[in-house]
Trainee: 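Encoded as structure tokens, here's the structure I'll be asking about.
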Number of protein chains: 2
Amino acid sequence: MLAGGGGVCYAKRKRLRRRRPEDVRWGRFMEKDKVYTINDIARELGVSKTTVSRAISGKGRISRETQEKVFAFIEQHDYRPNGPARALAQSKTYNLGLVFPADYSAVDFPFFKECMNGIYETASRYEYDVVIAIADDQDFSGSRHLVENRKVDGMILSRSTVGNSAMQHYLKEKQMPFVVVGPAEEAGAASVDNQNREGCCELTGILLLKGIRRLALLGGNRRHLVTESRLQGFKDAYRVQKIPEEESMIFFDIENYTATAAAVEQILAWGADGILCMDDFIASMLIGCLQERNIRIPEDMKLASFYDNPQFEFLSPTVTSLHYNTKGLGENACLTLLRLLGEDVTEEEAVLNYQVILRESTK
Amino acid sequence: MLAGGGGVCYAKRKRLRRRRPEDVRWGRFMEKDKVYTINDIARELGVSKTTVSRAISGKGRISRETQEKVFAFIEQHDYRPNGPARALAQSKTYNLGLVFPADYSAVDFPFFKECMNGIYETASRYEYDVVIAIADDQDFSGSRHLVENRKVDGMILSRSTVGNSAMQHYLKEKQMPFVVVGPAEEAGAASVDNQNREGCCELTGILLLKGIRRLALLGGNRRHLVTESRLQGFKDAYRVQKIPEEESMIFFDIENYTATAAAVEQILAWGADGILCMDDFIASMLIGCLQERNIRIPEDMKLASFYDNPQFEFLSPTVTSLHYNTKGLGENACLTLLRLLGEDVTEEEAVLNYQVILRESTK
DNA sequence: CTGAAAGCGCTTACAG
DNA sequence: CTGAAAGCGCTTACAG
């Protein structure tokens with residue numbers, strides 16, 4: 001509602017003549033819930049807007065007294081700086097871009113959810129907002145829009161794929177700071193990662209120690225770099241325990257039931273007694289597939305997986321899996337980016353450890 | 001890289017003296033990849049920036065010839081308007097806020113993912129970006145930040161809960177346009193919803209027609225309005241088929257395994273021959289719970305669910321469930337909001353139908 | 001159809 | 001420690 005404005009509503013205002021100084025003085029456009037500008041504060045307090053700005057930002061010398069006066073006013077009238085104005089003056093939006101891959105499956109979502117939560121919370125703590133984009137290697141126009149229209153100060157790429165280099169290259173060329181979650185493609189690019197290789201090595205090692213003799217590995221999309229890291233970890237375990245790799249069988253790109261069933265066929269013919277799945281989605285397809293063939297888990301076949309998706313916690317049998325600190329991963333990605341942006345980040349990084357959770361499927 | 005600037009890098013620029021007109025004339029700060037402003041275009045083309053602005057926006061009269069000249073230049077130099085500057089001048093950010101609930105469980109994620117995709121794609125089509133917030137009824141400070149710092153033009157609340165009225169009330173008072181996904185709390189607030197009541201009525205009806213005599217309903221969080229809608233649909237089906245409600249048994253707030261097990265106890269004692277779950281998460285816990293007791297599905301107990309989460313597609317038994325057009329829901333939410341913002345939305349809304357997918361669990 | 005000018009609400013070198 | 005002034009890159013009523 002406008003006081004004295006004659007029923008003029010917000011949405012229509014742009015059709016009116018431009019608001020003029022005298023209108024403000026006369027209170028013609030004063031709303032009940034006035035939105036203060038730095039000018040209003042300066043006027044009311046009898047100081048210059050330079051001073052107000054300094055009090056708020058804390059940059060430059062300012063007397064304690066003046067600063068407190070400004071703070072009191074701000075507090076009382078719930079003043080907040082106008083984002084776009086600040087962004088224009090500082091060439092800084094206080095926005096972070098978060099890029100999701102277009103092709104992630106529903107099962108990856110808990111990963112992205114956790115990651116997003118970590119990023120969001122951390123960004124908020126530093127007064128940044130996060131704007132999203134969805135992109136894949138063929139089309140990252142959404143991300144390009146964010147950089148070209150100067151809507152963000154930096155970006156977080158939430159999954160690195162083998163073919164992602166075009167986008168990373170682009171960002172580097174545009175001098176847009178970015179960090180990638182997972183191994184980075186572009187030389188010198190910042191990245192955060194949880195220890196996929198080490199974790200997979202540990203999990204594989206445990207399976208081997210449990211006496212599994214013929215272990216199969218069901219991998220996901222080979223273009224996802226995480227797949228490669230885990231493969232390395234798998235091989236590491238064989239090396240450490242001096243077991244020849246011939247006693248393993250490896251599959252990739254297991255992304256649907258058909259692929260799973262085909263792999264199972266071979267795995268059974270080969271005589272495996274254990275299967276390691278690179279993610280919970282594969283594990284869930286696998287369980288269905290094995291049950292169909294009346295193969296008992298863990299009696300006939302041991303099973304282990306990654307991610308430790310809470311959705312599969314209640315299935316029977318429960319699946320031994322590797323648990324990551326995904327939220328911490330997001331937090332660290334954000335902290336890393338904030339540092340690139342010149343923020344004074346003093347808080348400690350989250351520790352990105354992993355732990356193997358043993359359940360029925362490997363009993 | 002800067003031409004003639006002496007190895008000065010972008011990040012350090014703010015420590016340098018302010019860039020002056022003569023620097024630009026002398027090319028002192030010209031980067032290889034110059035970022036053009038509307039002023040540059042005007043100068044190069046020998047027109048005023050007013051004209052350039054008009055050519056770009058298409059507002060006001062402008063000669064075809066001039067417009068084409070401007071377009072050509074823009075195209076060639078890949079000019080994009082500076083977002084913050086435009087936002088400041090127009091009091092319009094071209095950002096939409098998307099509010100996620102803080103408490104959604106992993107199983108809800110496919111829902112939010114689909115919804116988000118729909119929103120993102122639609123927003124992009126209208127040149128809007130989407131910035132996220134995470135909020136619950138107790139704390140919506142993140143959303144408040146978005147409105148108070150004028151970072152968004154409108155908001156989409158991605159789930160309506162019973163206690164959500166505080167936030168909706170706040171938005172209304174601040175005159176921030178918003179639309180809620182699901183039934184709206186605040187009178188007169190815009191909302192989009194898929195037909196939960198109708199869908200649940202249909203699914204329930206099918207179960208009853210299949211000869212299930214004692215049907216139990218396992219509901220989710222009662223504070224989520226979707227729970228209420230589905231309950232109504234459930235009751236509708238009984239009414240339609242003139243079956244007394246005594247032949248049903250209803251539970252709410254089934255959010256963990258303990259609650260599920262407790263409900264199952266009662267359900268079995270009661271002698272149910274069918275169970276309808278309000279979401280896939282409940283269904284997955286239920287399957288585990290029933291298998292533990294060696295109760296066969298569908299022989300001993302029929303089962304049906306909602307959402308049709310692809311993650312559960314490969315489990316055995318496969319579960320009969322209701323499939324929604326969640327992405328369309330997001331699209332429509334976005335279209336509705338864009339209309340509230342005065343955008344000229346001509347495209348048609350997605351149709352939000354639902355369909356029952358029959359699977360093994362009700363055979 | 002086009003342009004000069006004022007304005008959006010901030011920040012920041014510069015000069016007291 | 002404080003302020004006047006210029007600037008960030010757009011838009012838009014107004015006057016040709």
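Below, chains carry the letters A, B, ... as their sequence lines are ordered, and counting in each starts from 1.
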Trainee: Using atom CD of B:Q90 as one end and atom C1' of D:dG9 as the other, report the distance to the nearest whole Å.
Mentor: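 So the two atoms are 12 Å apart, to the nearest Å.
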
Trainee: C1' atom, D:dG16 versus D:dT12: distance in rounded Å?
Mentor: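 It works out to 16 Å between them.
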
Trainee: Got a salt bridge between A:E343 and A:R125, using NZ or NE/NH1/NH2 to carboxylate O under 4.0 Å?
Mentor: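 Salt bridge: no.
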
Trainee: Answer with yes or no whether the side chains of A:Y126 and A:E347 bring together a donor and an acceptor at under 3.5 Å.
Mentor: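 Yes.
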
Trainee: If we count only N and O atoms by modelled type, under 3.5 Å, do the side chains of B:T66 and B:S63 hold a donor and an acceptor together?
Mentor: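 On atom types as modelled, these side chains qualify, holding a pair under 3.5 Å.
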
Trainee: Given C:dG3, is OP1 or OP2 found less than 4.0 Å from the side-chain N or O atoms of B:T51?
Mentor: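 True: B:T51 side-chain N/O within range (under 4.0 Å) of C:dG3 OP1/OP2.
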
Trainee: Just N and O in the side chain of B:K59: are any of them under 4.0 Å from OP1 or OP2 of D:dT12?
Mentor: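 For D:dT12, OP1 or OP2 has a side-chain N or O of B:K59 closer than 4.0 Å.
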
Trainee: Using a 3.5 Å distance criterion without hydrogens, assess whether the side chain of B:N149 forms a donor-acceptor pair with backbone atoms of B:K151.
Mentor: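 Checked: no pair found.
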
Trainee: Would you say the base of C:dG3 and the side-chain of B:R54 have a donor-acceptor pair closer than 3.5 Å?
Mentor: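 Answer yes: a donor N or O sits under 3.5 Å from an acceptor.
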
Trainee: Using a distance-only criterion (donor-acceptor N/O pair, under 3.5 Å, no hydrogens), is the base of D:dT11 paired with the side chain of B:S57?
Mentor: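 A donor-acceptor contact between them is absent.
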
Trainee: What is the distance, rounded to the nearest whole Å, between atom CD1 of A:I38 and atom C1' of D:dA4?
Mentor: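 Distance, rounded to whole Å: 15 Å.
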
Trainee: Using a cut-off of strictly less than 4.0 Å between a heavy atom of the residue and any atom of DNA chain D, enumerate the qualifying residues of residues 77-87 of chain B by number.
Mentor: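 Close to the strand are B:Y79, B:P81, B:N82, B:A85, B:R86.
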
Trainee: For A:V52 and for B:I62, locate the closest nucleotide of DNA chain C by heavy-atom distance; then report the residue assigned to the nucleotide nearer the 5' terminus.
Mentor: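 Its nucleotide being nearer the 5' end, the pick is B:I62.
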
Trainee: Rounded to the Å, how far apart are B:K69 NZ and C:dC1 P?
Mentor: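 Distance check: B:K69 NZ to C:dC1 P gives 15 Å.
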
Trainee: Within 45° of the axis and under 6.0 Å from the centre of the six-membered ring of A:Y94, does NZ or CZ of A:K92 qualify?
Mentor: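 The answer is yes, since A:K92 meets both limits relative to A:Y94.
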
Trainee: Using a 3.5 Å limit on both pairing distances, list the dot-bracket string of DNA chain D from the 5' end; Watson-Crick and G-U wobble pairs count, crossing pairs take [ ], interstrand pairs take |.
Mentor: |||.||||||||.|||

Trainee: Quick one: is B:T66 getting a side-chain N or O under 4.0 Å of the C:dC1 phosphate, OP1 or OP2?
Mentor: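 Checking B:T66 against C:dC1: no side-chain N or O falls below 4.0 Å of OP1 or OP2.
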
Trainee: Whole-Å distance between D:dC8 P and B:Y36 OH?
Mentor: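 Checked: the OH to P distance equals 17 Å.
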
Trainee: Assert yes or no for the condition that the ring centre distance of B:Y79 to B:F73 is strictly below 6.0 Å.
Mentor: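 Aromatic pair excluded; centres sit 6.0 Å or further apart.
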
Trainee: Between P on D:dC1 and NZ on A:K49, what's the gap in Å once rounded to a whole number?
Mentor: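 Atom-to-atom, A:K49 to D:dC1, this comes out as 23 Å.
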
Trainee: How long is the line joining CD1 of A:I56 and P of C:dG9, in whole Å?
Mentor: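 In whole Å, C:dG9 P lies 14 Å from A:I56 CD1.
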
Trainee: Please report, rounded to the nearest Å, how far the C1' atom of C:dG3 is from the CZ atom of B:R43.
Mentor: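 Those two atoms, CZ and C1', are 17 Å apart.
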
Trainee: How many Å lie between NZ on A:K92 and P on C:dT12, as a whole number?
Mentor: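 Going from NZ in A:K92 over to P in C:dT12 covers 10 Å.
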
Trainee: Say whether, by atom type as modelled, one donor and one acceptor occur between the side chain of A:T122 and the main chain of A:G118 under 3.5 angstrom.
Mentor: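 Yes, A:T122 side chain to A:G118 backbone: donor-acceptor pair under 3.5 Å.
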
Trainee: Mind listing the closest non-hydrogen atom pair of A:Y120 and B:I132 along with its distance?
Mentor: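 So the two residues come closest at CE1-O, 3.6 Å.
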
Trainee: Please confirm whether the shortest side-chain N or O distance from B:S53 to OP1 or OP2 of D:dT11 is below 4.0 Å.
Mentor: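 Checking B:S53 against D:dT11: at least one side-chain N or O falls below 4.0 Å of OP1 or OP2.
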
Trainee: Is the phosphate of D:dG9 approached by B:T37 (side-chain N or O, under 4.0 Å from OP1 or OP2)?
Mentor: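 For D:dG9, OP1/OP2 do not have a side-chain N/O of B:T37 under 4.0 Å.
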
Trainee: Which is more 5' along DNA chain D, the nucleotide nearest A:L88 or the one nearest A:S48? Just name the residue.
Mentor: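 The residue closer to the strand's 5' end, by nearest nucleotide, is A:S48.
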
Trainee: Sorted by first residue and then second, give each salt bridge (charged side-chain N to carboxylate O under 4.0 Å, His left out) pair with at least one member in residues 69-81 of chain A; sequence neighbours left out.
Mentor: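 The answer is A:R80-B:E148.
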
Trainee: At 4.0 Å (heavy atoms only), tell me whether B:T50 reaches a base, stays on the sugar-phosphate, or touches nothing.
Mentor: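 The answer is base, as B:T50 lies within the cut-off (heavy atoms under 4.0 Å) of a base atom.
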
Trainee: Determine whether the side chains of A:T37 and A:N39 contain a donor N or O and an acceptor N or O closer than 3.5 Å.
Mentor: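 There is no such pair (donor and acceptor under 3.5 Å, judged by atom type) between the side chains of A:T37 and A:N39.
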
